[in-house]
S.K.: 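I'd like to ask some things about the structure below.
We're numbering straight along the sequence, starting at 1. What's counted below: heavy atoms across the whole structure, side chains too, no hydrogens, waters or symmetry copies.
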Amino acid sequence: MIVVDTNVLAYLYLPGEYTHAAEALLERDSNWAAPVLWRSEFRNILAGYLRRGSLSFEQAHGIQREAEHLLAGAEYEVDSLSVLQRVRDSDCSAYDCEFIVLAETLGTKLVTMDAKLLRAFPRTALALAVS
């Protein structure tokens, strides 16, 4: 099991520069987890695509459903005290620290492309392998 941040999910479902890397990650380890927060962050990304006319409403809704299916049973609430402690000890947002706390709680790694997280939490955060 690995924890993935919302951008890794977006790379998987929204074709772009890192889509191949996200697909390869899913092929290597299909057991992905995320804090419940991912849903709101992902909907916000889809909202941007909707507003720019890059996706239709039906496409956005379908992508959201697919992502929810991928993470079904692997969405977690995280401890607020732990999140705030990570915020205190880094320059990362509380949103980002939720992903770190979840990875630590599950005893696994967070896969991300977020430079702040990679710098602040090198024992927990791993960069998405890009080739």
Side-chain angles (χ1 to χ4, degrees):
M1 174 183 284
I2 56 173
V3 174
V4 295
D5 75 6
T6 307
N7 286 324
V8 172
L9 284 162
Y11 300 147
L12 181 66
Y13 289 105
L14 300 164
E17 181 179 2
Y18 301 117
T19 298
H20 179 72
E23 290 170 343
L25 177 65
L26 184 62
E27 202 169 294
R28 282 191 312 277
D29 186 342
S30 62
N31 194 5
W32 289 12
V36 175
L37 167 71
W38 82 268
R39 287 179 178 243
S40 295
E41 289 186 334
F42 196 71
R43 284 189 292 256
N44 199 49
I45 291 169
L46 292 174
Y49 277 76
L50 275 169
R51 288 193 179 106
R52 288 188 302 275
S54 301
L55 288 176
S56 69
F57 176 83
E58 292 75 18
Q59 289 171 315
H61 183 240
I63 290 168
Q64 183 72 36
R65 279 196 329 261
E66 282 184 45
E68 289 173 4
H69 179 73
L70 176 66
L71 289 171
E75 299 171 88
Y76 297 87
E77 294 288 338
V78 294
D79 177 64
S80 295
L81 175 61
S82 297
V83 171
L84 290 172
Q85 289 170 333
R86 300 316 174 281
V87 169
R88 177 195 63 204
D89 298 336
S90 72
D91 62 347
C92 298
S93 72
Y95 300 119
D96 290 340
C97 288
E98 285 200 26
F99 291 87
I100 290 294
V101 168
L102 180 59
E104 292 171 349
T105 301
L106 296 175
T108 191
K109 300 293 183 183
L110 165 65
V111 179
T112 183
M113 290 291 285
D114 187 301
K116 277 187 180 181
L117 284 172
L118 292 166
R119 231 181 359 265
F121 302 99
R123 289 190 205 123
T124 305
L126 296 174
L128 177 66
V130 182
S131 55

S.K.: Between Thr112 and Asp96, is any pair of side-chain heavy atoms under 4.5 Å apart?
M.R.: no
S.K.: Should Tyr13 and Leu55 be counted in the same cluster of Ile, Leu, Val, Met, Phe, Trp and Tyr side chains packed under 4.5 Å apart?
M.R.: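 Same cluster.
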S.K.: Nearest heavy-atom pair of Tyr49 and Leu14: which atoms, and what distance?
M.R.: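 Closest pair (atom of Tyr49, atom of Leu14, distance): CE1-CD1, 3.6 Å.
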S.K.: Counting N and O atoms only, with roles assigned by atom type, does the side chain of Thr19 sit under 3.5 Å from a partner on the main chain of Tyr11, one being a donor and the other an acceptor?
M.R.: yes
S.K.: Could you state the interatomic distance from CG (Asp89) to CG (Leu84), rounded to the nearest 0.5 Å?
M.R.: 11.0 Å
S.K.: Once rounded to the nearest 0.5 Å, what's the spacing between atom CD of Glu41 and atom CG of Leu9?
M.R.: 10.0 Å
S.K.: State, with a plain yes or no, whether a side-chain heavy atom of Tyr76 is found less than 4.5 Å away from one of Thr105.
M.R.: no
S.K.: Quick check for you: to the nearest 0.5 Å, what is the distance between Glu68 atom CD and Arg39 atom CZ?
M.R.: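 So the gap between those two atoms works out to 4.0 Å.
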S.K.: When clusters are formed by joining ILVMFWY residues with side-chain heavy atoms under 4.5 Å apart, either directly or through shared neighbours, do Val78 and Val8 land in the same one?
M.R.: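 Yes, it is one cluster - the side chains of Val78 and Val8 are joined through contacts under 4.5 Å.
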S.K.: Quick one, Glu23 and Glu27 - any side-chain contact, counting heavy atoms below 4.5 Å?
M.R.: no
S.K.: Looking only at side chains, do Arg65 and His61 share a donor and an acceptor under 3.5 Å apart?
M.R.: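 Per modelled atom types, Arg65 and His61 side chains form a pair under 3.5 Å.
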S.K.: Ignoring hydrogens, what is the shortest heavy-atom contact between Arg86 and Ser82? Give both atom names and the distance.
M.R.: NH1-O, 2.9 Å
S.K.: Which heavy atom in Trp32 sits nearest to a heavy atom in Val4, and how many Å separate them?
M.R.: CE3-CG2, 3.5 Å
S.K.: Which heavy atom in Val36 sits nearest to a heavy atom in Glu77, and how many Å separate them?
M.R.: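 Result for this residue pair: CG2-OE2, 3.8 Å.
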S.K.: Give a yes or no on whether Leu110 and Met113 share a hydrophobic cluster (residues Ile, Leu, Val, Met, Phe, Trp, Tyr; joining criterion: side-chain heavy atoms under 4.5 Å apart).
M.R.: yes
S.K.: Any non-hydrogen side-chain atom of Asn44 less than 4.5 Å from a side-chain atom of Thr6?
M.R.: no
S.K.: Work out which heavy atom in Ala10 is nearest to a heavy atom in Ile45; give both atom names and the distance.
M.R.: CB-CD1, 3.9 Å
S.K.: If you draw the axis of the six-membered ring of Phe121, does the NZ or CZ of Arg123 fall within 45° of it and under 6.0 Å from the ring centre?
M.R.: no
S.K.: Could you state the interatomic distance from CZ (Arg43) to CD1 (Ile63), rounded to the nearest 0.5 Å?
M.R.: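 Reported to 0.5 Å precision, the distance equals 14.5 Å.
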S.K.: Under a 4.5 Å cut-off applied to non-hydrogen side-chain atoms, are Ile2 and Leu25 in contact?
M.R.: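 Ile2 reaches Leu25 side chain to side chain.
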S.K.: Once rounded to the nearest 0.5 Å, what's the spacing between atom SG of Cys92 and atom CD of Glu98?
M.R.: 13.0 Å
S.K.: Shared ILVMFWY cluster between Tyr95 and Leu46, side chains joined below 4.5 angstrom?
M.R.: yes
S.K.: Pair Asp29, Val111 - check side chain to side chain contact (heavy atoms under 4.5 Å, CB included), show working.
M.R.: CA-CA 11 Å; Asp29 186 342; Val111 179; over 6 Å; no
S.K.: When rounded to the nearest 0.5 angstrom, what distance separates CG in Leu102 from OG1 in Thr124?
M.R.: 11.0 Å
S.K.: Over all heavy atoms of both residues, which pair between Ala34 and Val3 is shortest? Give the atoms and the distance, please.
M.R.: CA-CG1, 4.4 Å
S.K.: Indicate yes or no: at least one non-hydrogen side-chain atom of Ile100 is less than 4.5 angstrom from one of Leu117.
M.R.: yes
S.K.: Indicate yes or no: at least one non-hydrogen side-chain atom of Leu37 is less than 4.5 angstrom from one of Phe99.
M.R.: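 Leu37 vs Phe99: side chains touch.
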S.K.: Return yes if some donor-acceptor pair links the side-chain N/O of Thr108 with the main-chain N/O of Met1 below 3.5 Å, else return no.
M.R.: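 At least one qualifying donor-acceptor pair exists.
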S.K.: Do Tyr18 and Leu126 sit in one hydrophobic cluster, given that two such residues count as connected whenever their side-chain heavy atoms are within less than 4.5 Å of each other, even indirectly?
M.R.: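 Each belongs to a different hydrophobic cluster.
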